[in-house]
Amino acid sequence: MAEHVGELMLRRLRLGELARAEAESATRHVEGCGDCRARLRDLDEEQRRFQQEISFERFSAGVTRAARRPPPSRIPARVAPVLAMAAALAIGVALVPLARHGESRIKGATKGTAEVALRIAGPAGAPQRDAALGAPEVLSRGERVRIGYKPGEHKYLVSVSVDEQGVVTPLYPEQGPALAVEPEPSMHYLPGSLEFYGRGAERVIVVLSERPLTVDEVKAAAKLAYDEAHGDVLRMPELRVPGEQFHQTLLKP
Amino acid sequence: MTRPAFQVLEGGLQEEDRASLRELYERYGPAVFGRCLYLLKDRARAEDAMQDVFARAMTHLHGFRAEASPLTWLMKIATNHCLNQVRGERAGWRSLFERQERARPEGHGGPSVMETRELVRTLLSRFDKETQAAAVHYHVDEMTLEEVAALLGRSVPTVRKRLESFARISGQELRSHG
């Protein structure tokens with residue numbers, strides 16, 4: 001072998017992956033080549049540094065967590081709010097509410113309790129559907145989403161979404177101060193419907209609050225939560241804003 | 001002997017899965033982490049990406065072990081996974097590219113002051129995903145044209161064409177012997 005052993009081949013030699021003839025040829029070269037021997041030593045050092053930096057326990061825990069989540073997206077998400085109003089409403093998807101600051105998680109809906117629902121509908125005429133609570137919801141191509149809420153004791157609403165690339169999109173309102181909610185305790189659906197583009201997971205967050213937050217406040221809090229989760233939208237923590245939050249992850253087609 | 005696909009069970013990993021993970025960690029961890037770090041340029045993100053790659057290997061353990069070169073398979077998966085992430089951050093790459101372009105020294109003779117790996121990484125954002133992958137496997141893994149073509153499932157002429165388009169901008173010509 002006249003030229004140096006390529007990077008990948010050197011690694012494979014070190015791992016014993018090469019076929020016999022290839023391994024013998026590469027080994028003969030390495031034995032006579034100072035540069036390639038130095039590179040092999042570099043690989044040993046790389047091994048040592050890796051195992052020092054990332055313990056097996058940490059590696060194992062991380063891989064186990066990764067095995068539980070869906071594959072990541074490839075294309076940045078864009079949300080297109082569609083102004084056409086939805087048809088007659090069917091039962092939507094109740095979102096999992098996170099706790100208010102300092103309070104325990106609220107489950108179920110009782111009179112006076114805030115609630116958020118996601119309704120999913122396909123192209124005209126296609127049946128609407130439910131989804132499992134507390135689990136990522138898989139969207140099919142062309143499906144659109146409407147966000148509904150019961151205000152409980154809250155007066156204002158802001159909704160944003162966060163995709164796997166960390167792009168935070170304001171859903172309702174698009175800018176400025178929070179929306180004032182309808183005071184009646186029944187379910188109200190926000191105008192229009194949303195179609196989520198791209199692939200992978202996107203987390204929809206609805207914040208109901210007693211004081212009017214701004215879209216920028218909620219966006220900043222969402223970005224921070226995304227960073228804390230190292231970009232894993234399924235593991236994002238609660239946003240550091242006052243009020244009650246509802247989170248639902250959508251898996252785009 | 002075959003092994004069952006990786007099952008995440010309540011109460012922790014089974015002994016057999018733990019042994020498989022240990023093997024992956026020791027044999028392939030440094031290479032895969034290094035690839036992820038090279039493309040993502042952030043240690044935390046590289047570690048997350050590495051975990052994704054190995055999670056995939058564990059769920060396809062039987063197929064993975066049947067590969068002629070498990071390392072090559074893992075590097076392909078890692079490269080593809082990280083390039084997908086990077087492509088979603090075009091603004092970030094673009095500004096990084098612009099900063100690095102401004103920092104490049106003037107003069108003839110090609111990028112003599114920059115290592116090949118750094119140059120390849122700097123220029124990746126200008127190309128489509130397949131050219132990116134071809135450039136990484138050819139110039140960084142130092143695979144032959146034939147090996148890159150086999151890995152990407154493309155013909156040698158197609159890969160050559162992609163690398164030639166990369167060479168026109170990078171100055172990294174194809175090696176005369178492959």
Side-chain angles (χ1 to χ4, degrees), chain A residues 1-19 22 39 42-51 53-77 163-167 198-200 227 229-232 235, chain B residues 6-8 12-13 17-18 21-22 24-34 42-45 47-59 67-72 75 80-81 83-92 117 129 137-144 147 175 177-178:
Chain A
M1 181 176 290
E3 66 273 10
H4 292 300
V5 178
E7 173 76 11
L8 189 66
M9 183 170 283
L10 202 63
R11 290 180 179 276
R12 292 181 62 204
L13 173 69
R14 187 171 169 273
L15 290 173
E17 271 193 10
L18 294 180
E22 252 186 332
R39 287 163 66 204
D42 287 344
L43 293 181
D44 289 337
E45 175 59 21
E46 178 193 66
Q47 176 94 33
R48 189 195 65 75
R49 277 199 316 269
F50 171 75
Q51 293 188 221
E53 180 178 344
I54 300 173
S55 68
F56 173 67
E57 292 309 321
R58 179 167 141 190
F59 171 87
S60 167
V63 172
T64 304
R65 271 197 308 273
R68 290 196 173 109
R69 55 178 188 253
S73 66
R74 298 178 200 169
I75 303 171
D163 70 12
E164 294 199 5
Q165 282 69 46
V167 175
R199 296 186 66 175
D227 291 339
H230 298 295
D232 186 348
R235 290 189 292 167
Chain B
F6 177 58
Q7 296 282 331
V8 178
L13 292 173
D17 292 327
R18 194 170 174 82
L21 265 181
R22 168 69 74 173
L24 290 175
Y25 168 77
E26 288 177 355
R27 286 174 65 78
Y28 308 112
V32 172
F33 179 69
D42 176 274
R43 298 194 92 81
R45 292 182 63 208
E47 188 173 345
D48 286 347
M50 174 190 68
Q51 290 161 3
D52 288 335
V53 171
F54 284 118
R56 184 165 169 178
M58 287 297 286
T59 54
E67 291 283 334
S69 169
L71 176 63
T72 306
M75 295 299 263
N80 193 54
H81 183 82
L83 287 177
N84 282 339
Q85 284 195 30
V86 166
R87 285 179 71 75
E89 300 162 7
R90 284 199 180 105
R117 285 168 56 97
K129 194 180 127 186
H137 290 308
Y138 186 79
H139 291 296
V140 181
D141 289 333
E142 297 177 324
M143 298 170 85
T144 64
E147 287 170 339
R175 301 184 292 272
H177 42 266

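Chain letters run A, B, ... following the sequence lines, proteins first and then strands; every chain starts at 1.
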K.L.:
So, for D52(B) and A66(A), which heavy atoms are closest and what is the spacing to 0.1 Å?
P.N.:
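Result for this residue pair: OD1-CB, 3.5 Å.
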K.L.:
Nearest 0.5 Å please: distance from the CG atom of D232(A) over to the CD atom of Q51(B).
P.N.:
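Nearest 0.5 Å value for the CG-CD distance: 9.5 Å.
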K.L.:
When the ring planes of F59(A) and F54(B) are compared, do they come out parallel, tilted or perpendicular, using 30° and 60° as the limits?
P.N.:
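Perpendicular.
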K.L.:
Which atom names give the shortest non-hydrogen contact between Q47(A) and E26(B), and what distance separates them?
P.N.:
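Residues Q47(A) and E26(B), closest heavy atoms: NE2-O, 2.7 Å.
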K.L.:
Chain A heavy atoms under 4.5 Å from R43(B): which part of the residue, side chain, backbone, both or neither?
P.N.:
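It is the side chain, since no backbone atom gets that close.
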K.L.:
Looking at R12(A), R14(A), R49(A), which one has more heavy-atom pairs under 4.5 Å with chain B than the rest?
P.N.:
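Ranked by contacts with chain B, first place is R12(A).
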K.L.:
For the pair R22(B) (side chain) and F56(A) (backbone), establish whether a donor and an acceptor sit closer than 3.5 Å, ignoring hydrogens and angles.
P.N.:
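Checked: no pair found.
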K.L.:
Roughly how far apart are L71(B) CG and M9(A) CE, rounded to 0.5 Å?
P.N.:
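Here the interatomic distance stands at 11.5 Å.
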K.L.:
Are F33(B) and E53(A) close enough that some pair of their side-chain heavy atoms sits under 4.5 Å apart?
P.N.:
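Contact flag for F33(B)/E53(A) side chains = yes.
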K.L.:
Would you name the heavy atoms of E17(A) and S69(B) that are closest together and state the gap between them?
P.N.:
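Looking at all heavy atoms of both residues, the shortest contact is OE1-OG, 2.6 Å.
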K.L.:
Sequence neighbours excluded, which residues qualify as salt bridge (Lys or Arg N to Asp or Glu O under 4.0 Å) partners of E7(A)?
P.N.:
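Listed in chain order: R11(A), R39(A).
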K.L.:
I need the minimum non-hydrogen distance between S60(A) and L21(B), along with the two atoms involved.
P.N.:
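Minimum heavy-atom contact is OG-CD1, 3.7 Å.
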K.L.:
Between atom CG of L8(A) and atom CE of M143(B), what is the distance when rounded to the nearest 0.5 Å?
P.N.:
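Separation between the atoms: 5.5 Å.
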K.L.:
If I measure from the heavy atoms of chain B, does E57(A) come under 4.5 Å with its side chain, its backbone, both, or neither?
P.N.:
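Only the side chain of E57(A) comes within 4.5 Å of chain B.
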K.L.:
Measure the spacing between OH of Y25(B) and CZ of R58(A) and express it to the nearest 0.5 Å.
P.N.:
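Those atoms lie 9.5 Å apart.
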K.L.:
Can you see which heavy atom on V5(A) is nearest to which on E142(B), and at what distance?
P.N.:
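Of all heavy-atom pairs spanning V5(A) and E142(B), the closest is O-OE1, 4.2 Å.
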K.L.:
Need one label for V53(B): side chain, backbone, both or neither, based on atoms under 4.5 Å from any heavy atom in chain A.
P.N.:
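For V53(B), no heavy atom lies under 4.5 Å from chain A.
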K.L.:
For the atom pair CD (Q165(A)) and CG (N84(B)), what is the distance rounded to the nearest 0.5 Å?
P.N.:
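Taking CD in Q165(A) and CG in N84(B), the distance rounds to 9.5 Å.
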K.L.:
With a 4.5 angstrom heavy-atom cut-off, is it the side chain or the backbone of A68(B) that approaches chain A, or both, or neither?
P.N.:
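It is the backbone, since no side chain atom gets that close.
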